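One structure is given below, encoded as structure tokens.
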Amino acid sequence: QMNFTGDQVLRVLAKDEKQLSLLRDLEALKPQKVDFWRGPARPSLPVDMRVPFSELNDVKAYLKSHGLAYSVMIKDVQVLLDEERETMAKSRR
Amino acid sequence: LERSTASFSYSSYHTLEEIYSWIDNFVTEHSDIVSKIDIGKSFENRSILVLKFSTGGSQRPAIWIDTGIHSREWITHATGIWTAMKIVSAYGKDHVLTDILKAMDIFIELVTNPDGFAFTHSMNRLWRKNKSSRPGIFCIGVDLNRNWKIGFGGNGSNKNPCSETYRGPSPQSEPEVAAIVDFITGHGNIKALISIHSYSQMLMYPYGHSLAPVSNQEELYNLAKDAVDALYKVHGMEYIFGSISNTLYVASGITVDWAYDNGIKYAFSFELRDTGRYGFLLPASQIIPTAQEMWIAIQVIMTHTLNHPY
């Protein structure tokens, strides 16, 4: 099982098309690192992206430097995954 | 593995083996109305199974529902299983559903991407694509919802095999897609197709590959509005609705566009919960409420299909 300890899901609210394209650029800047759970679509919709722990500082610095407002939707992905697996095991028992 | 569906927990997530075992028990216990059809093999040679709900007749107009084309969207398989159980328990009691099944068949493909789904349990919970691999291609997997022969290769799909929206080397190159195409075109009388995804709480209709409105856009808009309004009444969950390209983003090679352009006038795509707290990791406690509200919306679409034969 892949481990996602420390990975976070950031919710970014892009104000306009320019900011959306900055987020699309991120996929090219960090190939196979940033995992868009909700991809950059339109300014009225949030963008959710899972960022590996090792990339968090870079990505947050990138967002800040481009004035992209974000919140932390999931603080540690692995914590939720562990809960999910425990719930499944309990149900199976 | 469970010996019957009675002890199966519909408010939990399950592995592929548990789901396939449930399917066998379910079909055995409800053989008067349900049968299992094996429509093909996945890339890693797993069976691709479809449940058929029928009260008789042959080649009846039918409704197609698929869940799990993106394997990490676990809520979709779980709501699909609950829906299958709901159909057999409501038939003969719920007059809306009974009327539908007296005139139409319903097909449900619960695990549209079995290889990817197995992989989410064994190695990578957040895997989205299938597991196909080809000589000379460094990355694994194709996004099965970009591999259909409609607008293939257009905007909103990626030619980079390492991308999460990699469309594949050619339309219908993936066995999981080709199996559905063969089944639906072979059946020839599917009147509505509903493809279930998560997340972001949307109900959408074609097109995804183009901003141009479909010919019955107004009808689909009103039908989606009715379905979303009915869904809201169950647990107060707000869904937005509209055409895929206008509501979400441009996406090419997708299921509902292929269905629509192959004569299925009522083609819809659901994006189920959540609103933005858990994403793909929606807790199992939300399986049943999500399924309950989805069921009401699906009934609206099925009833409209029944009442508007074409």
Side-chain angles (χ1 to χ4, degrees), chain A residues 1-5 7-14 17 20-21 23-24 26-53 70-93, chain B residues 1-2 7-15 18 70 72-75 78 119-128 138-139 156 158 160-166 197-202 208 240 242 244-251 271 274-285 287:
Chain A
Q1 270 287 355
M2 268 182 73
N3 190 289
F4 297 93
T5 298
D7 289 17
Q8 291 190 342
V9 177
L10 306 182
R11 167 156 283 197
V12 189
L13 298 174
E17 267 305 323
L20 281 173
S21 63
L23 288 170
R24 293 186 188 105
L26 201 49
E27 187 170 10
L29 287 171
K30 297 278 183 186
Q32 292 172 265
K33 297 285 187 195
V34 172
D35 171 16
F36 283 114
W37 283 17
R38 289 186 65 169
R42 55 189 63 241
S44 57
L45 295 177
V47 175
D48 296 343
M49 55 189 188
R50 176 180 63 82
V51 180
F53 179 67
Y70 71 87
S71 60
V72 178
M73 178 174 142
I74 297 178
K75 203 155 167 286
D76 187 327
V77 170
Q78 192 58 43
V79 169
L80 280 189
L81 289 179
D82 292 343
E83 284 172 15
E84 185 178 74
R85 290 182 82 83
E86 174 49 32
T87 308
M88 279 179 74
K90 200 181 297 178
S91 151
R92 209 171 281 139
R93 280 197 294 274
Chain B
L1 291 172
E2 304 295 347
S7 50
F8 184 89
S9 168
Y10 294 91
S11 57
S12 303
Y13 292 116
H14 292 276
T15 64
E18 288 168 343
H70 290 143
R72 63 183 172 185
E73 299 166 6
W74 280 14
I75 185 62
F119 197 57
T120 60
H121 284 273
S122 64
M123 288 296 287
N124 181 347
R125 168 69 179 79
L126 296 174
W127 188 260
R128 164 187 166 99
F138 174 64
C139 287
N158 205 308
N160 174 0
C162 297
S163 164
E164 290 292 357
T165 54
Y166 173 49
H197 292 248
S198 79
Y199 63 98
S200 52
Q201 297 185 197
M202 295 174 180
I240 60 176
I244 293 166
S245 54
N246 279 301
T247 309
L248 189 49
Y249 43 43
V250 171
E271 290 282 353
D274 104 308
T275 48
R277 168 68 189 82
Y278 298 101
F280 298 120
L281 308 182
L282 193 69
S285 56
I287 291 173

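Everything numeric in this text was worked out from a predicted model, so none of it was measured. Sequence lines set the chain letters: A, B, ... in the order given, protein chains first and strands last, and positions in each chain run from 1.
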Around A/Phe53, counting heavy atoms of other residues, nucleotides and ligands shown, do more than 12 lie under 6.0 Å from its CZ? no

Looking only at A/Asn3, A/Leu45, A/Thr87, the option with the highest number of non-hydrogen pairs under 4.5 Å against chain B is A/Leu45

Note: vs chain A, highest number of non-hydrogen pairs under 4.5 angstrom among B/Ser200, B/Ser12, B/Gly279 is B/Ser200

Output for pair (A/Ile74 CD1, A/Trp37 CH2), nearest 0.5 Å, gives 4.0 Å

Looking only at B/Ala284, B/Ser122, B/Cys139, most heavy-atom pairs under 4.5 Å shared with chain A are made by B/Ser122

Checklist entry - Between the main-chain N or O of A/Arg24 and the side-chain N or O of A/Ser21, is there a donor-acceptor pair closer than 3.5 Å? => result no

Bottom line for A/Phe4: the part with an atom under 4.5 Å from chain B's heavy atoms is side chain

Can you confirm whether more than 12 heavy atoms, excluding those of A/Lys33, are under 6.0 Å from its NZ atom? no

message = Taking the ring of B/Trp74 and the ring of B/Phe280, is the distance between their centroids below 6.0 Å?
response = no

When the 4.5 angstrom heavy-atom criterion is applied to B/Arg72 and chain A, the contacting part is side chain

The complete set of side chain to side chain donor-acceptor pair (under 3.5 Å) pairs with one or both residues in residues 276-285 of chain B, sequence neighbours excluded, reads none

Residues at least two apart in sequence or cross-chain that pass salt bridge (Lys or Arg N to Asp or Glu O under 4.0 Å) with A/Arg85, listed by chain then number, are none

Chain A shares the most heavy-atom pairs under 4.5 Å, among B/Thr247, B/Val250, B/Ile240, with B/Thr247

Bottom line for B/Ser198: the part with an atom under 4.5 Å from chain A's heavy atoms is neither

If you tally heavy-atom pairs under 4.5 Å between each of A/Arg11, A/Met73, A/Glu83 and chain B, the highest tally belongs to A/Met73

Okay, B/Glu271 and chain A: the region with an atom under 4.5 Å from a heavy atom over there is neither

Greatest number of non-hydrogen atom pairs under 4.5 angstrom with chain A, of B/Phe8, B/Tyr13, B/Tyr249, B/Trp127, falls to B/Tyr13

